[in-house]
**Q** 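Here it is: the structure, laid out below.
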There are 2 protein chains.
Amino acid sequence: MDQQDDKPSGQGRKPITARELAQLIGVSQSAVSRAFTPGASVSPKMRERILTFARELDYQPNAIASMLSKRRTNIVGIVVSDMENPFYPALIERLSRELQKIGLQSLMFNVTKGSNIEDQLMALRQYNVDAVVIVSATILSAATLDWATENRTAVLVNRTIPDSKLTSVCCHNSEGASAIADHFYELGHKRVAYVAGLAHTSTNMERQGAFITRIAELGLTLAANLDGTEYSYESGYNSALAIAAKGSVDAIFFANDILAAGGLDALRDEAGLRVPEDIAVAGFDDIAMASWPHYSLTTFRQPINQIVAATVKIIRTGSAQPGRPAKTHLISGELKVRKSTIGTALT
Amino acid sequence: MDQQDDKPSGQGRKPITARELAQLIGVSQSAVSRAFTPGASVSPKMRERILTFARELDYQPNAIASMLSKRRTNIVGIVVSDMENPFYPALIERLSRELQKIGLQSLMFNVTKGSNIEDQLMALRQYNVDAVVIVSATILSAATLDWATENRTAVLVNRTIPDSKLTSVCCHNSEGASAIADHFYELGHKRVAYVAGLAHTSTNMERQGAFITRIAELGLTLAANLDGTEYSYESGYNSALAIAAKGSVDAIFFANDILAAGGLDALRDEAGLRVPEDIAVAGFDDIAMASWPHYSLTTFRQPINQIVAATVKIIRTGSAQPGRPAKTHLISGELKVRKSTIGTALT
DNA sequence: TTGAAAGCGATACCAT
DNA sequence: ATGGTATCGCTTTCAA
């Protein structure tokens with residue numbers, strides 16, 4: 001129950017303000033403000049003079065005050081939940097880096113299924129972030145999301161929500177799943193299996209749906225279709241063992257690379273099968289691990305750079321604002337064929 | 001009643017302010033502020049009334065304005081660079097989660113060696129964050145750090161900097177490295193090797209130094225001591241191959257788990273050695289992957305929870321403020337013995 | 001306890 | 001181009 005009782009005891013020297021700087025130089029405070037505003041109407045020599053003094057006196061504009069008057073924070077809120085999957089840290093790092101390049105900072109909001117999500121997202125509203133990016137696979141209801149992102153630019157990344165009016169950027173999941181199906185077909189596999197991730201996530205449903213559809217079109221047999229409760233190594237591991245126990249499956253498509261990694265290890269180390277000779281394995285995402293020699297995992301690559309670029313563009317141009325119609329931006333991925341489906345190196 | 005009248009770009013309805021709410025209720029604006037301030041002097045029924053109206057009218061205090069007047073942001077800046085290593089995302093997620101629990105948000109600063117680091121950290125100063133946590137392995141000079149964190153509480157996590165006056169929280173690296181050495185000794189290994197990470201980082205130097213020292217004390221031979229340029233799977237992979245090529249090494253200590261994972265795969269898959277029968281392998285960190293059945297890596301576990309707890313405590317209590325003397329908080333770790341050094345499962 | 005008013009440190013709209 | 005000045009929305013004295 002102890003809260004903000006501590007005084008800012010040793011918070012150090014208070015930084016100089018624009019007003020003080022102005023007085024020291026003998027100009028108006030407005031001038032100082034303009035000197036720091038690109039494209040403002042100041043004479044070059046005035047600006048020069050002010051900037052010189054500023055440097056000398058170690059003045060820097062207070063961003064908080066600026067936010068208040070501009071009613072613009074230059075902060076993007078990033079709602080995150082599933083940091084276990086290396087795909088997300090990689091995505092978030094790139095995203096925050098690209099945002100930084102255009103002067104935007106990233107405020108991270110970790111949502112955990114444990115506690116009340118609305119409470120956790122309360123701050124998201126109060127901080128008046130300019131935009132919100134949701135990269136969380138965790139189930140946030142359309143209602144919660146609309147509430148949290150009310151009146152601001154918001155982008156869903158790597159997921160869609162049917163009833164929400166939010167713009168989203170997604171890898172073309174169904175295209176990817178179909179490509180995997182085609183790949184299995186071309187390799188001559190007859191009996192294939194799907195191993196799900198977190199069942200009701202949009203990524204899982206799209207991949208599963210497209211894969212099963214395509215399998216049927218190609219006349220292949222869906223020998224197993226395992227429901228999953230999470231995108232984890234363990235889950236992939238156990239699912240693979242279950243499939244191996246049943247036997248007579250030629251190829252498995254795991255909903256993502258982490259699952260596939262677990263599956264691959266289980267098949268080789270515990271089931272004693274050879275991959276891909278006895279059974280082929282494919283994943284989805286193309287995380288760093290997928291290209292490690294040990295795994296050399298065939299997977300459908302999500303182009304993080306393009307996903308990030310699209311997201312940043314949406315934020316920059318202010319599409320995805322409350323008024324605008326929601327759009328789903330589908331980013332095309334790319335099948336990366338590696339040894340887990342083909343015995344010899346290709347790349 | 002409501003239409004999007006004022007702003008052109010459709011930024012949405014402006015939220016209601018404390019002043020407006022106060023007028024609607026017929027109380028003073030100060031009262032509204034107090035109602036939202038824990039422990040302020042308001043009568044319970046006044047507070048109740050205001051909070052009820054607030055809920056109804058969807059009022060929430062504007063955090064930016066609050067920051068400006070309180071001169072306190074409730075934001076912690078987290079300086080990050082090395083997200084490739086899963087240890088860091090895990091650490092950062094825990095950290096931001098714990099901070100959230102005490103009402104602090106996390107602003108992420110990604111520093112990349114490419115561009116000018118001072119430019120990248122400029123925002124860190126302007127945003128007036130309450131505290132700064134540096135979890136970046138990237139080389140920030142003491143001068144840069146002092147500049148960036150001037151006048152605010154700052155904590156280095158998982159690294160130390162000799163000439164800086166910053167408080168730091170670190171796993172007991174030398175203890176861990178010694179423990180690995182002892183472990184190798186107890187297993188009867190005679191000729192051991194060290195594979196470095198990023199050479200001049202404090203983590204690497206401490207681990208390397210302690211390992212080599214202990215090895216000497218135990219009378220073991222340092223058969224190889226490979227300099228590294230990065231903490232990566234590839235680097236570990238190649239280093240392991242180099243060691244395998246030289247031959248006659250009983251055990252390898254890799255500076256962290258990612259290196260060890262690469263090394264393990266290289267030894268098994270490419271050098272055709274059995275681990276641990278032909279050669280034992282140990283890492284450092286205990287990332288999730290280390291406990292995967294395939295790797296089952298003996299490693300020295302960094303207790304993320306304790307590291308985070310210590311960091312949060314430092315921030316909460318305001319030790320690590322400019323005035324206070326810098327302290328280095330050493331967190332004890334724990335040796336996790338797994339199959340990469342012992343043929344049978346222990347845990 | 002409550003209300004009025006003075007900041008907090010910038011921006012932006014006026015005049016000049 | 002420059003200087004005044006009214007915001008921005010909240011916190012915090014200071015009186016009542």
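Protein chains get the first letters and strands the later ones, always in sequence-line order, with residue 1 at the start of each.
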**Q** Salt bridge or not for B:R125 and A:D58, using N-O below 4.0 Å?
**A**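 Here B:R125 pairs with A:D58 in a salt bridge, since their nearest N and O are under 4.0 Å apart.
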**Q** Return yes if some donor-acceptor pair links the side-chain N/O of B:Q100 with the main-chain N/O of A:N110 below 3.5 Å, else return no.
**A**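 Present.
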**Q** Compute the centroid of each ring, for B:F36 and then for B:Y59, and state whether the two points are separated by less than 6.0 Å.
**A**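 Between B:F36 and B:Y59, the centre distance is under 6.0 Å.
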**Q** Out of C:dG3, C:dT2, D:dG3, which has the shortest distance to the side chain of B:V27?
**A**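 Given the options C:dG3, C:dT2, D:dG3, the side chain of B:V27 is closest to C:dG3.
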**Q** Specify the residues of residues 43-53 of chain B, ordered by number, for which at least one heavy atom lies under 4.0 angstrom from an atom of DNA chain C.
**A**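 B:S43, B:M46 - these, ordered by number, are the residues of the stretch whose heavy atoms sit under 4.0 Å from the strand.
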**Q** What is the separation between atom CD on B:Q23 and atom C1' on C:dT2, rounded to the nearest whole Å?
**A**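 So the two atoms are 17 Å apart, to the nearest Å.
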**Q** Is it true that a side-chain atom of B:R47 and a backbone atom of B:A35 form a donor plus acceptor pair closer than 3.5 Å?
**A**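 Such a contact is found between B:R47 side chain and B:A35 backbone.
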**Q** So how far is it from B:I161 CD1 to B:S202 OG, rounded to the nearest 0.5 Å?
**A**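 B:I161 CD1 to B:S202 OG: 7.5 Å, rounded to 0.5 Å.
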**Q** Please state whether the phosphate of C:dT1, meaning OP1 or OP2, lies under 4.0 angstrom from any side-chain nitrogen or oxygen of B:S41.
**A**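 Yes, such a contact exists.
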**Q** I'd like to know if the side chain of A:S66 reaches the main chain of A:N62, judged simply by a donor and an acceptor atom lying under 3.5 Å from each other, with no hydrogens or angles considered.
**A**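 It does not hold such a pair.
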**Q** Counting only N and O atoms by type, is there a donor-acceptor contact under 3.5 Å from the side chain of A:D130 to the main-chain atoms of A:N74?
**A**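 Present.
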**Q** I'd like to know if the side chain of A:T73 reaches the main chain of A:N128, judged simply by a donor and an acceptor atom lying under 3.5 Å from each other, with no hydrogens or angles considered.
**A**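 Side chain of A:T73 to backbone of A:N128, a donor-acceptor pair under 3.5 Å: yes, one is there.
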**Q** Spell out protein contact along nucleotides 7-16 of chain D as letters: B when the base is contacted, S when just the sugar-phosphate is, - when no protein heavy atom is under 4.0 Å; keep the 5' to 3' order.
**A** -BBBBBB---
**Q** Does this structure show an ion pair linking B:K45 with B:E48, if we count only N-O contacts that are shorter than 4.0 Å?
**A**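 Salt bridge between B:K45 and B:E48, a charged N being under 4.0 Å from a carboxylate O: no.
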**Q** Going by an N to O cut-off under 4.0 Å, is there a salt bridge joining B:R97 and B:E93?
**A**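 Counted as a salt bridge, because a side-chain N and a carboxylate O are separated by less than 4.0 Å.
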**Q** Kindly calculate the angle separating the two end axes of the helix from C:dT1-D:dA16 to C:dT16-D:dA1, each obtained from five base pairs, and round it to 10 degrees.
**A**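 Terminal axis comparison yields 40°.
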**Q** Check the distance between C:dG7's C1' and A:E20's CD and give it to me in whole angstrom.
**A**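 The distance from CD of A:E20 to C1' of C:dG7 comes to 14 Å, rounded to the nearest Å.
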